[in-house]
Amino acid sequence: MKKGLLFIISLFLLILSGCILSKTPNTNNVTMKVGEQKTFSVNVFPPGSSYEWTLDGSPVLAPGNSYTYTALARGHSLVVRVTHLLGMNKQAWYISQEDPITELLNSLLYIPAGTFMMGSTDYWSTIPIHQVTLSEFYMSAYEVTQVQYQAVMGTNPSYFQAKYGYPGRYNYPVDWLTWYDASAFCTQLSAMTGRTFTLPSEAQWEYACRSGTTTPFSFGSDDEQLDNYAWYGENLDTGTTHPVGEKLPNAWGLYDMMGNVWEWCLDSWHENYVGAPTDGSAWEPDIGTYRLTRGGSFLSEDSWNMWSSSRNYCNPSCKNNNFGFRIIEIP
């Protein structure tokens, strides 16, 4: 009888005082990739308490017991204060950023040596179809992001960033950079790591994009499936780039090889493949001022821009909000 009475009294005091019973995540230190979303929450007794969430001391809109946070660069603190009848309890998390350079290096995927038929008969710029034999290499699974570019080069040139009214764009592909900027990134990353990085040659890019296929797209020939693999003009109504890796990858695990941003390649532009290298190397010497881009972008309205064989070019000094790049490493 006494034990039952004590339990009732304890329960009554608990109701009056309020208590954070548990939290999610249940650790105080949380590591997140920049741009990653995670829901932080507390389980409170009794219900009906009020909540105040702050990020680095500034209030954020989260009227309930949970807050969905999108990770920003560098470290940040997230605190929730729970006010109840007799006072207040609080819970805090320290959120640290996964190193962007490590993230980039960890994303490199092995691309096996092999032979494929490069080009198509559909356009004058993609003929003649010719056999290319390549050595193995590694390619970044994603387009280089703004935070990765910032970590290596110390600046973010992108049009789609907070500076220009587009907040939370750290995990979006870096854009508004020239061929020279993309090449300089590879040079700087190589110096920082003691490894050799470069832009892909056009042949390496197409070989990786095809991922063993011979169809117009790496997933087949059906335009209706393109929405599952690419952000492009027909399915992107926001008029901007999109976070990397949101669509399906190709068979070799590479994301956004179609759409999002055009990707700079190493080669100079040649109007067709007459005399093109057959060993996967970049086509040099430079016979003109233009450089290759591949893969289409969020502005591309024609699906053929996303074909594995499609080609584009621009002056190497050209900057555009739908131009980006990915990197390769030669073992």
Side-chain angles (χ1 to χ4, degrees), residues 123-126 139-140 142-150 152-166 169 172-190 197-206 208-209 230-233 236 238-242 244 256-273 276 281-328:
Y123 295 97
W124 59 269
S125 64
T126 58
M139 176 176 272
S140 56
Y142 310 98
E143 294 159 335
V144 173
T145 65
Q146 295 181 26
V147 69
Q148 291 165 352
Y149 191 92
Q150 174 86 38
V152 173
M153 304 300 290
T155 184
N156 180 7
S158 302
Y159 178 81
F160 295 118
Q161 61 166 304
K163 180 179 178 181
Y164 302 111
Y166 297 93
R169 301 285 167 148
Y172 284 54
V174 64
D175 67 82
W176 204 258
L177 77 169
T178 68
W179 180 88
Y180 298 113
D181 294 330
S183 298
F185 176 95
C186 295
T187 300
Q188 179 66 11
L189 182 62
S190 299
F197 297 97
T198 184
L199 296 174
S201 71
E202 186 182 16
Q204 288 170 325
W205 193 98
E206 183 171 329
C209 182
W231 291 113
Y232 71 114
L236 190 62
T238 57
T240 73
T241 55
H242 219 266
V244 300
D256 300 307
M257 294 295 283
M258 297 167 281
N260 220 5
V261 290
W262 286 100
E263 299 177 14
W264 286 112
C265 291
L266 199 55
D267 307 56
S268 301
W269 166 255
H270 296 74
E271 63 183 19
N272 56 45
Y273 287 138
S281 61
W283 197 352
E284 299 291 356
D286 188 354
I287 63 169
T289 60
Y290 296 114
R291 294 284 175 171
L292 262 296
T293 60
R294 284 294 203 118
S297 79
F298 72 95
L299 292 176
S300 300
E301 295 185 354
D302 296 316
S303 62
W304 58 263
N305 278 318
M306 270 68 68
W307 287 1
S308 298
S309 60
S310 290
R311 311 171 74 211
N312 193 14
Y313 63 92
C314 197
N315 188 298
S317 297
C318 176
K319 292 184 178 182
N320 202 303
N321 63 10
N322 66 335
F323 281 13
F325 70 105
R326 72 180 69 222
I327 61 171
I328 68 162

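Computed from a predicted structure; not experimentally measured. Residues: numbered from 1 along the sequence shown.
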In chain order, what residues pass the ring pair (Phe, Tyr, Trp, His ring centres under 6.0 Å) check against F325, with sequence neighbours excluded?
F185
For S308, the side chain to side chain donor-acceptor pair (under 3.5 Å) test, sequence neighbours excluded, returns none
Using a strict threshold of under 4.0 Å (side-chain N to carboxylate O), is an ion pair present between R291 and E284?
yes
Separation between CZ (R326) and CE (M139), nearest 0.5 Å, reads 6.0 Å
Below 4.5 Å, heavy atoms only, C-beta onward: do Y149 and L177 meet side chain to side chain?
yes
From the list W231, Y232, F160, ring pair (Phe, Tyr, Trp, His ring centres under 6.0 Å) partner of F298 resolves to F160
S140 side chain to I327 backbone, donor-acceptor under 3.5 Å
yes
Just verifying a value: how many Å separate Y180 OH and C318 SG, rounded to the nearest 0.5 Å?
11.5 Å
Could you tell me if the side chain of W269 sits less than 4.5 Å from the side chain of L292, heavy atoms only?
yes
Sub-4.5 Å side-chain heavy-atom contact between S158 and Y172
no
Given the options V144, T145, T241, N322, P173 meets side chain to side chain contact (heavy atoms under 4.5 Å, CB included) only with T241
How many angstroms lie between atom CG of L299 and atom CG of N260, to the nearest 0.5 angstrom?
10.5 Å
Do the side chains of H242 and D256 get nearer than 4.5 Å, heavy atoms only?
no
How would you list, by chain and number, every residue that makes a side chain to side chain donor-acceptor pair (under 3.5 Å) with T198, sequence neighbours excluded?
none
Find the distance between CG (L189) and CE (M153) and round it off to the nearest 0.5 Å.
10.0 Å
Within the 4.5 Å heavy-atom criterion, are W179 and C314 side-chain neighbours or not?
no
Are any non-hydrogen side-chain atoms of Q146 and D175 less than 4.5 angstrom apart?
yes
How far does SG of C186 sit from CG of D181, to the nearest 0.5 angstrom?
11.0 Å
Can you measure from CD (E202) to CZ (R311) and round to the nearest 0.5 angstrom?
4.0 Å
What pairs with Y123 under side-chain contact (heavy atoms from CB on, under 4.5 Å), at least two apart in sequence or on another chain?
S125, T126, W304, W307
Partner set under salt bridge (Lys or Arg N to Asp or Glu O under 4.0 Å) for E206, not counting sequence neighbours
R210, R294
With W264, which residues qualify under side chain to side chain donor-acceptor pair (under 3.5 Å), at least two apart?
none
